[in-house]
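Worth saying up front: this structure is predicted, and the values here are computed from it rather than measured. For this chain, numbers begin at 1 and follow the sequence in order.
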Amino acid sequence: MIVSLFFYTWGEACFLPILLYSIFINYISGRLIGYLRSRQREGVCKAMFIAAICLNLLNLGYWKYMKFIVQIMGDVTGKPFALPDIVLPIGISFFTFQGMSYVIDVYRNEAQVQKNLIKLGLYVALFPQLIAGPIVRYSDIERQLDNRSSNVENLAAGIRLFTVGLAKKAILSNSIAVTADKIFSLSPYQNEPIIAWAGLFCYSFQLYFDFSGYSDMAVGLGKMFGFQFVQNFNYPFISRSCAEIWKRWHISLSSWFRDYVYIPLGGSRRGNVYIHLLCVFTLTGLWHGASWNYVVWGIFWGVCIVIEKFLAQKCKWRIKIPRVLSWMCAMFLWLISMVIFRTETLEECALYFRSLFGILPLKDVGFSLPYYFHAYEIFIIVCCLIAAAPTGRNVYLWVKGRLPEWGEILENVLTLALLGIAAIYVVTGTYNPFIYSRGQRAKWLFADIWRLPRGSNTPLLCSAASLIPRCLQRGL
């Protein structure tokens with residue numbers, strides 16, 4: 001608990017009271033709900049539960065959405081309001097949802113009241129997944145707060161998974177981000193269709209390996225300390241439908257909205273299932289950020305899911321779509337959604353769409369496609385394609401199974417090699433924060449540690465470590 005609070009303080013010390021507020025509000029709410037239920041005062045208990053949810057949502061709403069709300073009020077009334085100077089606290093969406101998960105589980109009698117403040121605080125503030133998830137449900141981790149196994153096997157498995165996540169972020173995501181940022185920084189009138197599609201392709205990989213890399217690191221760190229977190233991604237780029245994408249992408253968030261919003265609304269059993277789906281995906285979009293782009297992004301996926309469900313349930317005719325074609329349709333919709341997700345405003349989004357489909361008059365067109373994709377970029381894209389599909393993992397498991405005596409040694413050697421290369425990329429690269437977190441003051445640890453004393457001008461490890469990226473970039 002102390003280490004988790006220190007970790008959060010290191011990132012943004014001024015926001016520590018907000019995290020402590022979330023811990024205390026949910027702790028007190030859980031204790032009161034348990035007490036009132038034991039006294040069989042269900043009406044007051046329900047009121048306490050609603051109050052706890054409101055206090056959590058008000059905290060999240062002020063810090064994350066107040067600027068957006070004031071901006072909407074100005075647009076509606078036609079009178080500009082001064083936007084409040086509010087800075088978004090690190091990880092507030094994640095620890096708020098985790099706190100609400102505890103209160104909801106206690107109210108539903110799906111979890112016991114946690115009477116130990118330190119243990120509940122540890123659940124809310126647990127540092128491996130505090131910044132950017134995955135969202136851990138209290139009912140999934142309740143027993144682990146009291147009893148968990150910290151052994152060599154878990155430590156080794158955690159190190160391997162952490163290494164894979166670090167490599168995803170430092171090697172793949174950061175490398176492909178350079179190309180994606182170059183293309184998205186172009187004026188829409190300079191963006192040829194093929195380059196615009198290439199930018200979307202690169203950004204999709206950047207986003208996936210950024211977020212899944214952090215999730216793997218969080219799950220790996222949890223394993224080192226004996227915690228078993230759920231996996232947050234399951235190869236979403238092999239999906240053949242919109243529904244399958246959301247069963248494989250950000251699984252912890254999808255399941256949270258399913259269990260705490262979709263099913264309480266009525267799910268598919270009562271009420272209008274299509275309205276329920278639209279509500280859930282609109283909230284999902286708004287959860288990602290306070291802007292119209294995220295709202296439209298959520299509505300877009302809600303409409304896609306509704307259409308897909310309608311065609312599956314209501315149409316009397318059935319057409320068997322080839323797997324390749326259904327996969328291409330799902331990936332096309334994913335790429336389209338990335339335009340909405342990546343651009344800052346709806347105006348930028350509209351212009352990028354026009355560039356994608358070649359209906360925007362071009363002028364001052366700069367470089368052609370080969371300018372953005374040299375040997376190194378092509379090599380990284382090939383690595384992304386291999387890592388984004390289960391084929392590479394299956395081949396690795398097959399080789400490991402064929403070599404039972406050398407399998408563990410091979411796994412450890414590969415882990416150490418991957419860890420070394422990822423650390424080199426961290427040291428030699430410029431800092432690139434996680435897309436799903438605000439890392440204003442966070443630092444890559446290696447870049448600060450491995451330096452010569454102040455009398456020297458050249459970082460010790462950087463000068464030697466830069467050999468591998470340079471060889472890949474210049475001599476591949």
Side-chain angles (χ1 to χ4, degrees), residues 1-11 19 22-23 26 90-102 105 111 114 116 118-170 173 208-235 248-256 259 393 411-412 415 418-419 422-423 426 434 436-437 439 442 444-445:
M1 175 63 175
I2 293 173
V3 170
S4 294
L5 293 179
F6 174 77
F7 174 80
Y8 194 80
T9 304
W10 183 271
L19 177 61
S22 180
I23 293 172
N26 290 294
I90 295 176
I92 187 170
S93 298
F94 291 94
F95 66 71
T96 300
F97 270 39
Q98 291 197 176
M100 288 196 294
S101 168
Y102 164 71
D105 287 346
Q114 180 55 259
N116 190 316
I118 299 299
K119 290 181 180 179
L120 182 67
L122 177 61
Y123 160 69
V124 175
L126 192 58
F127 75 89
Q129 41 72 237
L130 172 63
I131 302 301
I135 301 172
V136 177
R137 306 267 288 276
Y138 183 76
S139 56
D140 295 335
I141 202 176
E142 179 183 9
R143 294 182 180 178
Q144 299 177 40
L145 293 171
D146 294 319
N147 299 292
R148 59 186 178 275
S149 176
S150 299
N151 50 46
V152 176
E153 289 75 16
N154 284 337
L155 179 64
I159 291 173
R160 295 186 190 109
L161 190 54
F162 179 88
T163 301
V164 170
L166 182 62
K168 283 182 177 181
K169 169 59 183 171
S173 179
Y208 170 66
F209 288 112
D210 179 283
F211 195 19
S212 69
Y214 185 96
S215 296
D216 287 346
M217 283 190 275
V219 176
L221 278 171
K223 280 182 178 293
M224 295 182 200
F225 299 109
F227 290 98
Q228 302 297 325
F229 301 149
V230 295
Q231 288 291 339
N232 213 18
F233 291 86
N234 184 23
Y235 299 105
R248 294 176 177 273
W249 178 276
H250 205 343
I251 299 170
S252 62
L253 179 66
S254 301
S255 62
W256 198 98
D259 295 341
R393 181 196 63 179
E411 191 171 27
N412 291 336
T415 299
L418 194 61
L419 180 62
V426 169
F434 290 96
Y436 271 74
S437 67
W444 282 107
L445 186 60

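- For Thr96, the side chain to side chain donor-acceptor pair (under 3.5 Å) test picks out no residue, with sequence neighbours left out.
- Of all non-hydrogen atoms in Ser149 and Asn154, the two that sit nearest each other are O-ND2, 2.7 Å.
- Scored by the side-chain contact (heavy atoms from CB on, under 4.5 Å) test, Leu145 finds Gln114, Leu122, Tyr123, Tyr138, Phe227 as partners (sequence neighbours excluded).
- Interatomic distance, CG of Leu418 versus OG1 of Thr163, reported as 6.5 Å (0.5 Å rounding).
- Taking all atoms of both residues into account, the shortest heavy-atom contact from Asp216 to Gly165 is CB-CA, 3.7 Å.
- By the side-chain contact (heavy atoms from CB on, under 4.5 Å) test, Arg393 pairs with Tyr235, Pro390, Leu397, sequence neighbours left out.
- Within the structure, salt bridge (Lys or Arg N to Asp or Glu O under 4.0 Å) contacts touching residues 156-166 (residues at least two apart or in different chains) are Arg160-Glu411.
- Side-chain N or O atoms of Ser255 include one that pairs as donor or acceptor with a backbone N or O of Ser252 at under 3.5 Å.
- Take Asn147 and apply the side-chain contact (heavy atoms from CB on, under 4.5 Å) test, not counting sequence neighbours, and it matches no residue.
- Of all the heavy atoms in Ser173 and Asp210, the pair that sits closest is OG-CB, 3.4 Å.
- Side-chain contact between Lys168 and Ser212 is present, with at least one heavy-atom pair separated by less than 4.5 Å.
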Practice problem: I would like to know whether Met224 and Ile159 meet side chain to side chain contact (heavy atoms under 4.5 Å, CB included); could you show each step before the answer? | Solution: CA-CA 7 Å; Met224 295 182 200; Ile159 291 173; 3.8 Å; yes

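- Listed by first and then second residue, the salt bridge (Lys or Arg N to Asp or Glu O under 4.0 Å) pairs that reach into residues 142-156 are Lys119-Asp146, sequence neighbours excluded.
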Only distances under 3.5 Å count here; give the side-chain donor-acceptor pairs of residues 124-132 to other protein atoms, sequence neighbours excluded, each with its distance to 0.1 Å.
from, atom 1, to, atom 2, distance (Å)
Gln129, NE2, Gln98, OE1, 2.4
Gln129, NE2, Pro134, O, 3.3

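- For the side chain to side chain donor-acceptor pair (under 3.5 Å) test, no residue two or more places apart in sequence or in another chain qualifies with Tyr102.
- With sequence neighbours excluded, no residue forms a salt bridge (Lys or Arg N to Asp or Glu O under 4.0 Å) with Lys223.
- For the pair Asn232 and Trp249, the minimum side-chain heavy-atom distance is 4.5 Å or more.
- Taking both residues in full, the closest heavy atoms of Phe94 and Ile135 are given as CD2-CG1, 3.7 Å, listed atom of the first, atom of the second, then distance.
- With sequence neighbours excluded, the residues satisfying ring-ring contact (aromatic ring centres under 6.0 Å, His included) with Tyr208 are Phe233, Phe237.
- In this structure, Ser150 and Phe225 approach most closely via the heavy-atom pair OG-O, 3.3 Å.
- Contact of the Val426 side chain with the Leu166 side chain is registered, since non-hydrogen atoms from C-beta on lie closer than 4.5 Å.
- In this structure, Tyr8 and Ile90 approach most closely via the heavy-atom pair OH-O, 2.8 Å.
- Taking Asp259 as the reference, Arg137 meet the salt bridge (Lys or Arg N to Asp or Glu O under 4.0 Å) condition, with sequence neighbours excluded.
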Practice problem: List the steps, then state whether side chain to side chain contact (heavy atoms under 4.5 Å, CB included) holds for Phe211 with His250. | Solution: CA-CA 9 Å; Phe211 195 19; His250 205 343; 3.3 Å; yes

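- Residues forming a side-chain contact (heavy atoms from CB on, under 4.5 Å) with Met1 (at least two apart in sequence, or on another chain): Leu5, Ile23, Ile118.
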